[in-house]
Amino acid sequence: MGTRRPRIIAALAAVSLAAACSPGGDGGDGDTTGYPEQNITIVVPFSAGGPTDTVTRMIADPMAEALGGKIVVQNVEGAGGTVAAGQVAQAEPDGYTVLMHHIGMSTAPALYKDLGYQPLEDFATVGLVTEVPMTVVARPDFPPATLADLTAYVKANQDKVTLANAGRGAASHLCGLLFQSAAGVKLQEVPYQGTGPALTDLVGGQVDFMCDQTTNTSGQITAGKIKAYAVTTPERVKSLPDVPTTTEAGMPQLQVSVWHGLYVPAGTPPEVVQKLSGALQKALADQAVIDQMAELGTAPVTAADATPETHRAHLEEQIETWGKVIADAGVQAS
Ligand code: ASP
């Protein structure tokens, strides 16, 4: 997330200025001083039990505690996370409907012709949450032993091999595209509503392989229930010391890590956004959250990165970056 660092001081200055100038009440949309006065819903765009869901549930309680309210997590599945994002874009901008999304927020505009929402216009960013490495994993009895073997195997068996993902626009879809492009193959993709159920099928041998966040795959890798070929980050993951990086394994082009952030509908009063962001920062500093994340191969972002301004700058940069990659890969918009 190095591209955002120079903006941190400016972002913090903007936050303090906004706080100093805020009347602390009416944001043009009613009195918000008592926020929250009802349950807050965090919408997760993928299945329960998957990685996005896991990260959301880790921070929901400490955020609720910091806010002095209650947070309910709701899974709204479908179309690689775009159903949930479309729904939250239309929600009342009152701070009671929040979206947890990941890198898919930045890839969907290039992957969907008629997305139905615009990430930069229809949402206000609350803050980044975490950045998670991906793993290339396979069913336990899948023949290839290494990433190089996998590449050779899929080339020789293109018509047979199945690649699971969480739908077009999901991180697993993006990683699968990058893999296919690096290997020079076109495989049969099997879309799920999230990689939670995809992982269950992988363990059961119903699909051959996939990419997924360490927040979902770590436990099954460590338990020897699935094969792990590589992590998609420049460094190995501490909690998975035996799994090589894609660079070490001979596929340096396959680099992707999955950043997550919280969003509210555009028009949400700024003081409500600041309250949510402050609660997010507190949750991310919670030792239990830090420990749980470390066990799953990730870490919370810094307080400076869990701000609306830093998050927005990152989203802008990522939309541009992935837009080019997807256009170059020649992926058809639906
Ligand atoms: N890991 C999934 C993805 O491919 C999403 C999820 O199920 O959380 O984007």
Side-chain angles (χ1 to χ4, degrees), residues 42-60 73-86 88 98-112 115 119 128-138 162-180 187 189-203 207-221 226 228 231-233 237 240 254-263 292-293 296-298 315 318 322 325-326 331:
I42 301 186
V43 175
V44 172
F46 299 102
S47 312
T52 312
D53 183 71
T54 298
V55 166
T56 308
R57 288 175 200 273
M58 270 182 204
I59 62 165
V73 176
Q74 188 190 3
N75 301 84
V76 177
E77 305 161 332
T82 61
V83 170
V88 175
V98 178
L99 174 71
M100 166 70 91
H101 209 337
H102 63 19
I103 192 169
M105 196 65 148
S106 63
T107 57
L111 289 166
Y112 285 84
L115 192 55
L128 293 162
V129 177
T130 182
E131 185 159 10
V132 188
M134 294 199 99
T135 46
V136 184
V137 290
T162 50
L163 171 60
N165 64 38
R168 183 182 288 255
S172 46
H173 172 247
L174 175 68
C175 181
L177 286 179
L178 297 176
F179 173 86
Q180 291 178 81
L187 301 174
E189 296 181 14
V190 184
Y192 289 79
Q193 304 279 46
T195 45
L199 186 66
T200 305
D201 273 8
L202 198 74
V203 172
V207 279
D208 292 330
F209 82 110
M210 70 170 178
C211 293
D212 198 21
Q213 287 106 293
T214 56
T215 34
N216 201 33
T217 59
S218 290
Q220 303 288 19
I221 294 171
I226 53 175
V231 293
T232 61
T233 42
V237 172
L240 297 170
L254 184 55
Q255 296 287 333
V256 54
S257 56
V258 184
W259 57 273
H260 295 69
L262 291 179
Y263 302 81
Q292 285 168 43
M293 285 198 185
L296 299 180
T298 187
L315 177 62
Q318 288 280 288
W322 289 113
V325 173
I326 290 163
V331 182

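One-based numbering, in listed order, for ligands and for the atoms of each.
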Validation row: Q213, T52 side chains within 4.5 angstrom (heavy atoms): yes
Please lay out, stage by stage, how D53 and T56 fare under the test side-chain contact (heavy atoms from CB on, under 4.5 Å). CA-CA 5 Å; D53 183 71; T56 308; 5.6 Å; no
E77 side chain to S47 side chain, donor-acceptor N/O pair below 3.5 angstrom: yes
Pocket residues of ligand 1, ordered first by chain and then by residue number (heavy-atom cut-off under 4.0 Å): F46, P51, T52, H102, A166, A170, A171, S172, G194, T195, D212, Q213
Any side-chain donor-acceptor pair under 3.5 Å between T135 and T217? yes
What orientation do F179 and F209 show, parallel under 30°, tilted 30 to 60°, or perpendicular over 60°? perpendicular
Please determine, by modelled atom types, if T195 and S172 share a side-chain donor-acceptor pair under 3.5 angstrom. no
